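Notes for the one structure printed next.
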Amino acid sequence: MTREIIIQAIISGLLMGFVYALIAAGLSLIFGLMEIVNFAHGEFMMMSMFSAFWFWALFGIDPLYSLPVGALLLALMGLATHYGIIRHILRASMLAQICATFGLAIFLRALAQFLWTPDFRTIQHPLVEGRVDIMGIFLGLPQIVASAGCLLGFTALFLFITRTETGLALQATAQDREAASLMGIPTDRMYALGWMIGSACVGVAGVLLTTFYFVFPEVGFQFALIAYVAVALGGFGSILGALFAGLLIGLLESVGGVLFDPSYKLLVIFALYLVVVFFRPQGLFGRF
Amino acid sequence: MPPSVSAWAIHAEQEPALQAALAEPLRPRLSLRGKLAAVTGLVVLLAYPFVFNTPFAHHMMILIFLYALMAQAWNILAGYCGQISLGHAVFFGIGAYSSGFLFATYHISPWLGMLVGMVIAMAMALIIGIPTLRLRGHYFAIATLVIGESVQIVFQRWEFVGAASGVWLPIVRENPLLNFQFNESKIPYYFIALGFLVLVCLAVAYLERSKAGFYFRAIREEPEAASSLGINVSLYKVLAYMLSAAFMAMAGSFYAQYVLVIDPETVFPLTLSILVLLIAVMGGVGTLWGPIIGAAVLVPLSEATRIYFGGTGGTVDLMIYGGLIVLICVFRPSGVFGLFKDWHLGHLFRKDKTHEHA
């Protein structure tokens with residue numbers, strides 16, 4: 001176990017961590033606003049990955065160029081989900097809430113499998129390909145670009161939430177819905193906005209992933225599971241927590257895969273979730 | 001001075017209608033029409049395998065019974081006690097592996113293996129449940145999801161039970177009943193599955209009217225209020241989990257003996273946990289008939305789409321089911337059985353006390 005391999009694992013783990021962070025941030029935003037876990041988050045990402053793939057396969061447009069379209073599509077999907085489903089179950093029992101988004105996830109996954117078969121697809125020769133050699137560490141260029149893209153996306157999200165008026169309104173709604181609405185902040189519109197932004201986040205991450213990851217109907221589930229752990233670890237509702245947790249998980253996954261058996265690396269992450277949720281249920285950072 | 005409780009008790013004794021209501025047994029009495037319906041149903045079920053004497057017809061009903069059994073087990077925990085488990089396949093797999101492995105390696109009768117599986121499943125439910133049932137709904141759901149995936153990963157690597165190849169049960173021709181293996185026809189499996197389902201449904205029916213059942217429902221609705229009334233919430237949650245796990249393991253053992261091959265991908269996957277949830281929610285979670293209705297709809301739907309579209313049915317059945325679940329959760333969370341109740345169809349089959357007094 002040479003030093004290079006460990007450093008390699010750490011860096012590629014951190015790169016992946018930024019992707020996880022953006023996915024988790026979207027999930028955390030939605031939960032922070034209305035206390036609903038979007039069990040269809042992974043399937044949303046899968047949809048954005050397929051959109052990027054089809055833009056490439058049918059029109060030859062590279063994912064990096066179709067990124068805005070993918071993000072927009074996902075934002076619309078989030079909006080539709082809010083108005084079609086979520087608005088009706090806000091006051092329903094927890095079973096109804098869990099099952100509604102879960103049912104949506106199953107529907108989307110089955111739809112993708114029906115339309116596009118369970119085959120794995122990849123994008124050949126993306127705009128950014130190949131790898132670089134930085135002082136003996138080999139890093140794939142698509143991974144670096146994807147990671148940078150997610151970091152940019154996350155920064156944009158963070159600045160929006162903390163520096164703009166709408167972002168502050170979102171925070172207010174998350175902290176105290178009634179007080180915010182008394183101040184004139186329309187709750188329903190904030191919820192819709194939260195869904196749009198959260199879905200757009202996961203859309204950006206998904207499109208960027210297509211440059212180096214396989215695209216298939218089940219792909220959402222793997223990332224969603226990691227996102228749940230990241231959000232639980234970072235704290236439901238905390239964007240910064242999602243960043244920290246995403247990086248930590250990326251790191252653990254990569255280093256754990258190198259130190260232990262690669263097939264056990266998911267177990268490490270799951271063990272982490274269970275430990276965090278028992279000893280600190282509110283996560284490391286609580287709310288925004 | 002405030003009126004004492006005893007003063008109110010005297011009033012109760014003087015109220016004939018109230019007395020009558022308190023004296024009424026909790027079991028609804030079936031009207032003549034209801035009794036006739038029950039007997040007809042029973043006769044139909046008993047005669048079915050002889051009337052439709054093809055292996056496929058038998059297989060489909062066995063699947064319906066099996067899924068209804070699993071959904072009913074999940075229903076105990078989620079429907080009556082309100083804890084949504086997304087990893088219930090774990091217990092199914094434990095049951096399958098326990099009886100399967102014991103039969104394949106040591107030739108222990110699968111009935112005994114099934115009991116062993118149920119005990120192991122209950123022990124696992126205890127171990128998992130005590131820490132996780134403290135968590136709030138979403139956290140608990142994700143925790144069960146995570147544990148389910150973890151167990152599948154572990155079994156995929158565990159050489160002792162065959163790792164990814166799983167357990168292959170030997171084909172044994174003598175002593176079919178003792179060895180729980182019928183090679184000539186599926187009909188014995190049909191009746192055993194039906195027997196299991198009836199057993200579990202009777203257990204749930206008894207649970208519905210028992211003290212534990214009321215405690216479960218109190219915990220589902222308002223855990224804090226229940227706790228303030230002196231109900232040991234943690235204890236009853238864990239009990240529900242253990243009972244639910246035991247019945248899932250029962251189903252798993254049956255499956256192992258029916259299919260004779262088990263591996264981690266078949267008995268532990270998330271898709272199985274999801275199916276169980278779908279069936280229960282669609283049929284009507286928290287009711288006795290819900291899981292049965294759900295299974296009676298899903299299995300024929302799956303088979304029909306499989307035949308129509310080929311392969312895995314093009315997942316059309318899952319699309320329909322996912323969509324239905326969303327619609328149900330949005331518009332009528334009580335499921336199909338809720339519709340049955342809302343349209344007062346139950347009155348067709350029950351003896352109505354109020355009408356008798358009128």
Side-chain angles (χ1 to χ4, degrees), chain A residues 31 35-37 39-40 43 81 84-89 92-115 117-118 217-218 221-222 224-225 227-229 231-232 236 261 263-274 276-278 281 283, chain B residues 78-79 82-84 86 128 131-132 134-143 145-154 156-157 220-221 270-271 274-275 277-278 280-282 285-286 305 309 311-334:
Chain A
F31 186 86
E35 303 235 325
I36 290 183
V37 176
F39 279 100
E43 272 61 36
T81 307
I85 301 173
I86 305 298
R87 218 165 41 146
H88 304 282
I89 60 168
S93 70
M94 191 173 298
L95 173 70
Q97 289 177 348
I98 292 178
C99 288
T101 52
F102 211 66
L104 181 64
I106 293 166
F107 175 75
L108 286 176
R109 197 186 314 179
L111 182 70
Q113 195 167 323
F114 179 70
L115 290 175
T117 81
E218 311 285 312
F221 175 63
Q222 307 171 350
L225 214 45
Y228 299 140
V229 177
V231 176
F236 277 95
D261 204 300
S263 49
Y264 281 131
K265 59 184 181 179
L266 276 180
L267 275 183
V268 173
I269 300 176
F270 295 158
L272 180 65
Y273 171 83
L274 293 171
V276 169
V277 141
F278 299 156
Chain B
Q83 313 301 312
I84 315 298
L86 297 176
I128 298 175
T132 52
R134 267 191 273 144
L135 305 173
R136 263 173 54 203
H138 298 121
Y139 292 94
F140 174 72
I142 297 175
L145 191 61
V146 157
I147 289 172
E149 289 299 296
S150 304
V151 172
Q152 186 176 357
I153 292 176
V154 166
Q156 273 170 335
R157 313 277 310 166
R220 177 186 71 198
E221 298 298 328
L270 178 68
T271 38
I274 293 176
L275 265 178
L277 181 151
L278 286 185
V281 172
M282 187 177 115
V285 67
T305 53
F309 287 98
T312 51
T315 63
V316 169
D317 57 336
L318 276 182
M319 269 200 316
I320 296 177
Y321 244 64
L324 273 177
I325 291 290
V326 173
L327 287 173
I328 284 176
C329 288
V330 168
F331 295 114
R332 189 166 300 278
S334 46

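Lettering follows sequence order; numbering is per chain, from 1. Keep in mind it's a predicted model, so treat the numbers as computed, not measured.
The contact between B/L270 and chain A is made entirely by side chain atoms (from C-beta outward), counting heavy-atom distances below 4.5 Å. At a 4.5 Å heavy-atom cutoff, the contact between B/A141 and chain A is made by side-chain atoms alone. Residue B/L86 touches chain A through its side chain alone, counting heavy-atom pairs closer than 4.5 Å. Proximity to chain B involves both the backbone and the side chain of A/I85, based on heavy atoms less than 4.5 angstrom apart. Both the backbone and the side chain of A/L104 come within less than 4.5 Å of a heavy atom of chain B.
Partners of B/E221 according to the side-chain hydrogen bond (donor to acceptor under 3.5 Å, both in side chains) rule, which considers only residues two or more places apart in sequence or in another chain, do not exist here. Partners of B/E149 by salt bridge (Lys or Arg N to Asp or Glu O under 4.0 Å), not counting sequence neighbours: none found.
Between the SG atom of A/C99 and the CD1 atom of B/I84 there is a distance of 5.5 Å, given to the nearest 0.5 Å. Once rounded to the nearest 0.5 Å, the distance linking CZ of A/R109 with OG1 of B/T271 reads 8.5 Å. Of the inter-residue distances, the one linking A/F107 atom CZ with B/L318 atom CG reads 11.5 Å to the nearest 0.5 angstrom.
The nearest pair of heavy atoms linking B/Y139 to A/Y273 is O-OH, 3.0 Å.
Here the options are B/L278, B/I325, B/L277, B/V326, the test is side chain to side chain contact (heavy atoms under 4.5 Å, CB included), and the partner is A/I106; only B/L278 passes.
For the set A/I269, A/V37, A/I89, the entry with the most heavy-atom pairs within less than 4.5 Å of chain B is A/V37. No other option in A/F270, A/F221, A/F102, A/Y228 has as many heavy-atom pairs under 4.5 Å with chain B as A/F270. Taking B/G323, B/G82, B/G322, B/A78 one by one and counting their heavy-atom pairs under 4.5 Å with chain A, the maximum is reached by B/G322.
With contacts defined as side-chain heavy-atom distances shorter than 4.5 Å, the pair B/I142/A/F39 qualifies.
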